[in-house]
Each structure stands twice: as C-alpha cells, then as structure tokens.
Amino acid sequence: MLTTERQKVTTAIAGAAPFGAGMIIRQKEPVNFEFPFEKLDSFLTPNELFYIRSHFKAPELSADSFQLKVHGAVAKPLTLNYQQLRQLPSETRAVTLECAGNSRVFLVPQVEGAQWALGAVGTAEWTGVPLRILLEQAGLTENACEIVFEGADHGAPKEKPIPPGMVSYARSLPLKKALSPEVLVAYQMNGQEIPEHHGFPVRLIVPGHYGMASVKWLTSIYAVTESFAGYWQTSDYAYWDYLDGKPVRRPLSEVRLKAQIARPSMYEVIPAGSEYLVSGAAWCGEGEVAGVELSTEGREHWTDAEFLDSAQPYAWRRWQFLWHVPQRAGQYTLAARAKDADGKTQPDEHDPNHGTYMINFPLPIDVIVR
Ligand SMILES: Nc1nc2c(c(=O)[nH]1)N[C@H]1C(S)=C(S)[C@@H](COP(=O)(O)O)O[C@H]1N2
Ligand SMILES: [Mo]
C-alpha cells in the first residue's frame, strides 16, 4: 500500500534538514511550525513539512535510556525499553492529524492562541504497537475507567486558570477508545524514526481525535479509576456542551468534518476565462468523507468535486474541481465543504461554545480574477 507515496516521502527525507522550505513559523521556541497548505501535493505529508505544535521545549530523549511505564490500575505494571517495545507486534497506518486550533486565524474578531491558518494538519504513515496490546499485557483492573498518557515535556502554562508549579503534558482517553485497535504507541513516522519535534522516540497516535490526544515524547501510560481532570483535559482543549440544558465542560475529542482548499491560495490572481484546477483535502473523525462540494460565488451554489484518494479510515481524501473561471474580473470567494456518509455536512458558522477550537465552517478563500 502506498509504496510510491512512501518512496516520494522517504526520498525527500534522505539527507534533508529537519524542516522543509516554506514552513511557516508561528512561534520559534517552543517550536510551532505550520505546513504551507498550498504546497499540498501528496497524500502523505513529508516529515520535514509536517506541522509542529508543542507547548514546551522538546525534551532531549535517547532511545538507549528510554523507558515507557504502563502502570496505575493494572494487575502487572510494565516498564518497557525501546528495544522491547520494537519487538512487539506492530502496525502501520496512515493517519491525518489536525490541531484543534487549525484555521483559528479565520475567526472574527481575532482570538487568542497560535494564529494557525490552514496548515496545522497533515497525514503520515505511523508505525507502532497497538496500545491495546500493552494494556492487555498489563491487565487493567475492573475499576479502571480512563488511561492517562504523559509526555516527558513540561513547563508552566500561561493561560488561566494557571495550575500550580510545573505541569507535564498529559491527556486521557476513555477506555473504549484506548482499547480500539487503531490507537498506536508509535515509533516511526513515514518509515523513519519519529523526528525530535514530533515526539522522538515514542508518541501516541489517536486516529480520529484532534492532535492534542496524540501525546508526544510518551513515557507513561497510567490507568486511573476516576476521570482525569488535568489542565490539558479540562482547562485547555475543552469546550462547552450541554447536558439536560445545562452547559458542561467536555474535553475535545473527535475531529469534525472539514474540507480545505489548498489551491488557489488566498488572494491568488487567476486569469479571467481560464480553467483553474482547484484542489484540497477533506477529513473527519470516526466516519468517512463521502463528498466534497465547492462554491465559487460566496457559499451560494455548491458543485461536487472529485476525489483523488479513496476513502480509508482516519485519513484525509484529496479532491479537485475544475473551475471555469468567469470572464468578469473582480474578487471571488471560494469555499469547500465536505459531506459524510450519512449526508451530514459542515456547519455554516463557528459555534461559539467551541471557543477557539474545532473551526470547521467552510473557510472563505478570496481570489482575484483579472
Ligand atoms: N507531549 C506533548 N504532546 C503533544 C503536544 C505537546 O505540546 N506535548 N501537543 C499536542 C498537540 S496540541 C498537537 S496538535 C499534536 C501535534 O503533533 P505534531 O507536532 O507532531 O504535529 O501533538 C500533541 N501532543
Ligand atoms: Mo493541537
């Protein structure tokens, strides 16, 4: 599967610098880099172009001294070194990761947080041990209800409410998802060791959930008997939902349906009367992207685009649409929207209860025809 794609990506990596030309710097330290989405031209995103979202400085870990603990509410706590982990059965799967704050720059009025445009998203082939195997070896006790994943990075978050002292980056998953076969304790990204800023040597990959669930520099897998209410679970990376009419705080989890235009890019000048190949990608969480529609006149009329990639769970599908560019010069607004297998589509507007996350209304891309 995907051998030519893999070759393309691997060739790009051989002897390459850790970051590719055109990466957009949102923050220099800690490293927060964005993929220039208009460069989307392969199903797999090359490692050196894959977006980086890190809250703290990348910890310096070595494969030699690496240890992964599986502990807490388990019958047999485990400590695995890198070699032991690599000897366990492994799987490789293509997974799209999107930061929950991707496209934040499209919110009006402007909001706090990293000003991501379109490129806090990418797809890589991840190789690792299904998490389920580790949890089965350790033997979860009856009362275990969630699994907490902790990275080796830590620091003092700046957004209120500020937790006391230094905190490590930690997120939890409900048992149902943690035991699902697609969740990986990964040690390879596109056939290479996971690069430093993507979590070397080992990270979690949670297909179908926003990026924050895929804990990098993973060193601890801890089963808990009450739901985990850590900083990144309740304060950051959470949103308002309703329970019996009352607002309740919930951790972000499943990725929302979304299509994005890669080309044209914002304010691209397009010759009047030409044929322009509009292209992009679309993705969702647990379901399947079944269609993409494009509007070239301000989200009024929608026409079907065609897919370049077949549907596979947890990975984006690139699409294209041949636009017969009008003769009339002026500014045009393009937008794309996806449909899932149940015919559901994206919301028209951003839901304020989602705060500065889950931005999946059809994003307007303004272009100049002349
Ligand atoms: N340990 C740790 N894991 C982390 C983060 C982090 O800051 N520290 N950031 C999370 C967020 S918000 C996202 S979107 C993804 C980004 O993964 P990437 O940098 O490999 O693209 O990692 C997640 N895992
Ligand atoms: Mo993120």
Side-chain angles (χ1 to χ4, degrees), residues 18-20 23-27 29-35 37 44-61 66 68 95-104 113-116 119-126 128 148-159 166-173 183-190 192-221 230-233 235-239 251-256 283 316 354-359:
F19 308 120
M23 279 297 261
I24 303 159
I25 300 176
R26 294 291 170 210
Q27 197 178 332
E29 187 62 54
V31 175
N32 282 277
F33 291 178
E34 175 163 348
F35 167 57
F37 197 69
L44 296 177
T45 313
N47 288 2
E48 71 277 12
L49 286 176
F50 203 98
Y51 82 94
I52 296 165
R53 203 294 175 247
S54 295
H55 289 273
F56 307 121
K57 192 177 184 314
E60 282 169 33
L61 300 181
F66 173 79
L68 176 61
V95 176
T96 297
L97 287 187
E98 183 189 16
C99 180
N102 188 34
S103 313
R104 187 174 283 148
Q115 297 299 305
W116 302 115
V121 62
T123 301
E125 267 195 328
W126 304 93
V148 180
F149 305 89
E150 186 180 358
D153 53 331
H154 55 267
K158 290 188 193 72
E159 271 141 65
M166 302 271 263
V167 292
S168 54
Y169 186 87
R171 279 282 301 189
S172 76
L173 284 180
V183 181
L184 297 179
V185 175
Y187 48 76
Q188 283 192 339
M189 178 180 186
N190 289 326
Q192 307 286 309
E193 284 184 337
I194 294 181
E196 177 188 10
H197 292 284
H198 294 290
F200 179 83
V202 171
R203 77 176 297 172
L204 191 68
I205 290 293
V206 184
H209 283 206
Y210 280 112
M212 80 277 130
S214 295
V215 175
K216 304 192 276 190
W217 310 292
L218 181 67
T219 52
S220 164
I221 298 175
Y231 180 77
W232 317 98
Q233 197 81 19
S235 177
D236 205 356
Y237 298 119
Y239 69 106
L252 296 176
S253 57
E254 203 185 321
V255 172
R256 301 293 166 109
W283 56 88
W316 66 19
H354 295 174
T356 67
Y357 295 116
M358 301 198 279
I359 299 128

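Atoms within each ligand, like the ligands themselves, are counted from 1 in listed order. Note: hydrogens, waters and symmetry copies are ignored here, and every other heavy atom, side chains too, is used. When a residue number appears, it is its place in the shown sequence, counting from 1.
In this structure, Asn32 contributes its side chain and Ala114 its backbone to no donor-acceptor pair below 3.5 Å.
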Identify all side-chain donor-acceptor contacts of residues 205-214 below 3.5 Å with residues at least two apart in sequence or on another chain.
{"residue": "Tyr210", "atom": "OH", "partner": "Arg256", "partner atom": "N", "Å": "3.1"}
{"residue": "Ser214", "atom": "OG", "partner": "Val206", "partner atom": "N", "Å": "3.0"}

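Within the 4.5 Å cutoff, no side-chain heavy atoms of Val95 are placed close to those of Leu184.
Between Trp316 and Trp283, the ring planes are tilted. Angles from 30° to 60° get that label.
Proximity to Cys99 (heavy-atom distance under 4.0 Å) selects the following atoms of ligand 1: 14 (S). Atoms of ligand 1 found under 4.0 Å from any heavy atom of Phe50, numbered from 1 in the order shown, are 21 (O). Within ligand 1, the atoms closer than 4.0 Å to a non-hydrogen atom of Trp217 are 1 (N), 2 (C), 8 (N), numbered from 1 in the order shown. Of all atoms in ligand 1, numbered sequentially from 1 with element shown, those under 4.0 Å from a heavy atom of Ser54 are 7 (O).
Nearest protein heavy-atom contact of atom 23 (C) of ligand 1 is Gly211 O, 3.3 Å. For atom 19 (O) of ligand 1, the nearest non-hydrogen atom of the protein is Lys216 NZ, 2.6 Å. Looking only at heavy atoms of the protein, atom 11 (C) of ligand 1 is closest to Met212 CA, 3.6 Å. Regarding atom 7 (O) of ligand 1, its nearest protein heavy-atom neighbour is His55 N, 2.9 Å.
When non-hydrogen atoms are compared, ligand 1 lies under 4.0 Å from the backbone of Ser214 (N, CA, C, O) but not from its side chain. Here Arg203 has side-chain heavy atoms under 4.0 Å from ligand 1, and that is the only part of it that gets that close. Looking at Tyr237 against ligand 1, only its side chain comes within 4.0 Å, counting heavy atoms.
The closest non-hydrogen atom to atom 9 (N) of ligand 1, taken over Arg53, Arg171, Glu34, comes from Arg53. The heavy atom nearest to atom 14 (S) of ligand 1, out of those in Phe56, Phe33, Tyr51, is found in Tyr51. Among Val206, Asp153, Ile205, the residue whose heavy atom lies nearest to atom 8 (N) of ligand 1 is Asp153.
Polar contact with ligand 1: present for His198 (N/O pair, distance under 3.5 Å). The N/O atoms of Tyr169, backbone and side chain alike, include none that comes under 3.5 Å of an N/O atom in ligand 1.
Partners of Glu150 by side-chain hydrogen bond (donor to acceptor under 3.5 Å, both in side chains), not counting sequence neighbours, listed by chain and number: Ser168.
Applying the 6.0 Å contact sphere to CD of Glu60 captures no more than 12 heavy atoms from other residues, nucleotides or ligands.
The distance between the ring centers of Phe50 and His197 does not fall below 6.0 angstrom. Taking the centre of each ring, Phe200 and Trp217 stay at or above the 6.0 Å mark. Remark: aromatic rings of Tyr357 and Tyr237 are close, center separation under 6.0 Å.
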Test log, rule side chain to side chain contact (heavy atoms under 4.5 Å, CB included), inputs Thr45 and Met189: CA-CA 10 Å; Thr45 313; Met189 178 180 186; over 6 Å; no
